[in-house]
Structures are given as C-alpha cells and as structure tokens.
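A note on names: the letters A, B, ... follow the listed sequences, proteins ahead of strands, and every chain is numbered from 1.
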Amino acid sequence: MVRRGLEREVTGREILSAAVTGARTVRRQPAEALVARLRGARLGAAGRIGKFLLLPLDDGTEMLVIHLRMSGQLLLTPPSWPVGPHTHAVLSLSDGRELRFVDPRTFGELFVAPASPGGPGASPGRPAALAHLGPDPLSRQWSAAALRRALAGRTARLKPLLMDQRFVAGIGNIYSDEALFAARLRFDRPAGSLSGEEVGRLHRAVRATLREAVRLRGSSLSDGQYVDLFGEPGGYQSRHRVYGREGQPCPRCGGPVRRLSLGGRSTFFCETCQP
DNA sequence: CAGATGCCCTGGGCGC
DNA sequence: TGCGCCCAGGGCATCT
C-alpha cells in the first residue's frame, strides 16, 4: 500500500533537500549525516522487507529505510499545504512535491543503510540492519513445506510466533488474529502441535489474509493513523472478522468474539471456531 | 529459550 | 466540561 504508492509516485525523483526536525526520528546516525546523504540523491523503486520500507538511493548501494511503527505516516503533498503537527521530516522532491514523515508517537524512524552485497545467507540488497528479519509470507520461499519445517518442534504459541519478525516478517497484531481465525486455529496452540493439514490451513490463511488486506489498501482503525500517501484510509478494516470485534457475533458460528490480553496486546478470537 | 513486563510517546474515547 | 484511566497496525531491553 504505502510501498506501492511510493513506487508509483516517487521512483526516479531527486531529493532536492531534506529536513529533519524530530529529535527521535533519526536515531541510528546523526540526523545531519542523513540529511546530507539524501540531498541530491535520486530515488529508486521502493521495496519492502516486512514492515520496513526501502528507498534505494542513486545506484542502490545505499538505501533510505523507513519504519512507520504504530502511528507513522508518509504523505505526499504540495509544498503549499500546511505542515501538520508531528511532522518530523520533509523531503523536497524534484517534481515539486514534498514527502513528509508524520508520527505523533515518535516510534517510527528513518535511517540510511548500505545495501548488503549479497552472498551466502544474505539476499542482495537487504541492509545488514535488517538481517534478522524472516521471510516475507507472500514470497515464494515461504511455502507450506517451509512453514511445516519451521514450526516443527517449536513450543512457542502460534500468535507470538507469527508476530515474531524473525520467524516471518510483516505480520502484526491485526493480521495474526485475522489469519488465525481464517485458519480456525487458536492463538495459543503450541506451534509444534499442528497437524500437516492444520499447517496447510495456516499457510493458506496467512497468505489469503495479507493479499486481501493489501488489495483493500490496509486497515485504518478509528484513530485514523494508517493512511496512504495521499491521506486516504484503507478499506480492510470493514473486513475484520474478529479484530476489534469483542462481543460481536463470530461470522462463522454467531457466538461472541472473545478478547484477552496476551503479551500486553489484545487478542481476538472465537472459542468455538478456533479450538 | 520462551514468556512476561515495561518502556519509548501522543492522542482519542469513555466513564464518572 | 473536565479529569483520569485505558487503549492503540511495533519492537526492544530486561527480567524470570
């Protein structure tokens, strides 16, 4: 969603100037170093690894890495638009527009990292800072067979494992609950206890859930934090079957959707349909 | 190692 | 209306 917008809108643009005003927005390097590196750089086609956005700079040996975390937004605006509150970074582009990083909770960050040259164990292009991230669940390498091998013998519960970015990259609280509902699996099943048939259901459910969410441009909750480059909300929230629906009828059996706290995060599920 | 907890922050919603 | 709580698409450090 955001990556697609970036690829469509900013590929090939030059950064005429960059400004960072947020004190916490650039924390892996001096903000001045990032600003200096971005000035004059030409942007390549946007990539994504898990929840990290990657914007290649110039020849691609370095990239601007962006993580929006909980409340970050990237907005593409005319420079004349009023700069909203919590705007922590602004890139002025050669097409006359501005790419603005807005983040009320300041959990998000930007940094510039060298792309790894590739080689054994490292996919080319992936910055070393992101080496810990697991496979993308929509990639070919994340097959049902690979998932079965990865789950075998694990005692961890399904939901925390799905949300572990080292295990598989890109699944957060909403989509783990939705995928587990679609797979008819309880969030606290020990990962290694799944039958082959159940692994197949989980694999299909994760991929179908993420594909549909991307197709509908993501989930915007009532706080309106997630929006696309032009400030438009996503449409997947209306398709949530359990997330944020405590007490409402389960779309499969009609029983009440349950909510509990797991590791400090809300978990939504149906006791009947997710045994 | 798995798991729980706390923390980084601001803002919106709700109950009183 | 105002205040205090609880909650929020994430990730990391630190404990047990």
Please give me the minimum heavy-atom distance between [X] and [Y], naming the atom from each residue.
{"X": "Ala46(A)", "Y": "Leu55(A)", "result": "CB-CD2, 3.7 Å"}
{"X": "Ala41(A)", "Y": "Leu57(A)", "result": "CB-CD2, 4.1 Å"}
{"X": "Pro127(A)", "Y": "Ala113(A)", "result": "CB-CB, 3.8 Å"}
{"X": "Val26(A)", "Y": "Ala31(A)", "result": "CG1-CA, 3.9 Å"}
{"X": "Gln225(A)", "Y": "Gln73(A)", "result": "O-NE2, 2.9 Å"}

Anti/syn call for dG9(C), syn if |chi| within 90°: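 Syn conformation here, the glycosidic angle of dG9(C) being no more than 90° from 0.
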Expressed as a whole number of angstroms, how long is the span from [X]:[atom1] to [N]:[atom2]?
{"X": "Lys159(A)", "N": "dA2(B)", "atom1": "NZ", "atom2": "C1'", "result": "17 Å"}
{"X": "Leu162(A)", "N": "dG3(B)", "atom1": "CG", "atom2": "P", "result": "13 Å"}
{"X": "Met70(A)", "N": "dC6(C)", "atom1": "CE", "atom2": "C1'", "result": "13 Å"}
{"X": "Gln73(A)", "N": "dG11(B)", "atom1": "CD", "atom2": "P", "result": "13 Å"}
{"X": "Arg24(A)", "N": "dT10(B)", "atom1": "CZ", "atom2": "C1'", "result": "11 Å"}
{"X": "Asn173(A)", "N": "dC7(C)", "atom1": "CG", "atom2": "P", "result": "13 Å"}
{"X": "Leu210(A)", "N": "dG9(C)", "atom1": "CG", "atom2": "P", "result": "16 Å"}
{"X": "Arg48(A)", "N": "dG10(C)", "atom1": "CZ", "atom2": "P", "result": "14 Å"}

Asp223(A) (side chain) and dG9(C) (base): donor-acceptor pair under 3.5 Å: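 In this structure, the two groups form a donor-acceptor pair.
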Given the structure, check if the side chain of Arg157(A) and the base of dA2(B) hold any donor-acceptor pair shorter than 3.5 Å. no
Which of the following nucleotides, dG9(C), dA2(B), dC8(B), is nearest to the side chain of Ile174(A)?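 It is dG9(C).
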Say we look at [N] and [M]: how far apart would their [atom1] atoms be, to the nearest angstrom?
{"N": "dG3(B)", "M": "dG9(C)", "atom1": "C1'", "result": "22 Å"}
{"N": "dA13(C)", "M": "dC9(B)", "atom1": "P", "result": "16 Å"}
{"N": "dC6(C)", "M": "dT5(B)", "atom1": "P", "result": "15 Å"}

Can you tell me if the side-chain N/O atoms of His86(A) get under 4.0 Å from OP1 or OP2 in dC9(B)? no
Looking only at side-chain N and O atoms, does Ser266(A) come under 4.0 Å of OP1 or OP2 in dA8(C)?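 Looking at the OP1 and OP2 atoms of dA8(C), one of them is under 4.0 Å from a side-chain N or O of Ser266(A).
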So, Tyr175(A) and dG9(C): ring centres less than 5.5 Å apart, planes less than 30° off, yes or no?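 No, Tyr175(A) does not stack on the base of dG9(C).
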Determine the stems involving DNA chain B; a stem requires 3 or more consecutive pairs of the Watson-Crick or G-U wobble kind, each with both distances below 3.5 Å, and the answer is none if no such run exists. B:2-8 with C:10-16, B:10-16 with C:2-8
Please name the residue in the list Asp164(A), Asp188(A), Thr267(A) that meets the side chain to side chain donor-acceptor pair (under 3.5 Å) test with Lys159(A).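 Filter result, single survivor: Thr267(A).
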Take the angle between the ring planes of His88(A) and Phe101(A) and call it parallel below 30°, perpendicular above 60°, tilted in between.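 The rings of His88(A) and Phe101(A) sit tilted, inter-plane angle from 30° to 60°.
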Please test Tyr236(A) against Glu212(A) for side chain to side chain contact (heavy atoms under 4.5 Å, CB included), starting from the C-alpha separation and ending with a verdict. CA-CA 8 Å; Tyr236(A) 191 70; Glu212(A) 184 71 352; 3.6 Å; yes
Checking Tyr243(A), Tyr175(A), Phe181(A) against Phe268(A) for ring pair (Phe, Tyr, Trp, His ring centres under 6.0 Å), the one that qualifies is Tyr243(A)
Reading nucleotides 11-16 of chain C from 5' to 3' and marking B where a protein heavy atom lies under 4.0 Å of the base, S where only the sugar-phosphate is that close, and - otherwise, the string is S-----
Quick one: on DNA chain B, does Leu262(A) or Pro85(A) contact a more 5' nucleotide (nearest heavy atom)?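 Nearest nucleotide further toward 5': that of Leu262(A).
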Contacts of Ala156(A) and Arg105(A) projected onto DNA chain B by closest heavy atom; the upstream (5') one is Ala156(A)
Nearest 0.5 angstrom please: Asp58(A) CG to Leu38(A) CG, how far?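 The distance works out to 10.0 Å.
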Base, sugar-phosphate, or nothing: which does Leu221(A) touch, judged by heavy atoms less than 4.0 Å apart? base
What contact category does Thr155(A) fall into here, base, sugar-phosphate, or nothing, at under 4.0 angstrom with non-hydrogen atoms?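 Thr155(A): backbone/sugar contact only, no base atoms under 4.0 Å.
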Report yes or no: do Arg100(A) and Thr87(A) form a side-chain donor-acceptor pair below 3.5 Å?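 Looking only at side-chain atoms, Thr87(A) and Arg100(A) do not form any donor-acceptor pair under 3.5 Å.
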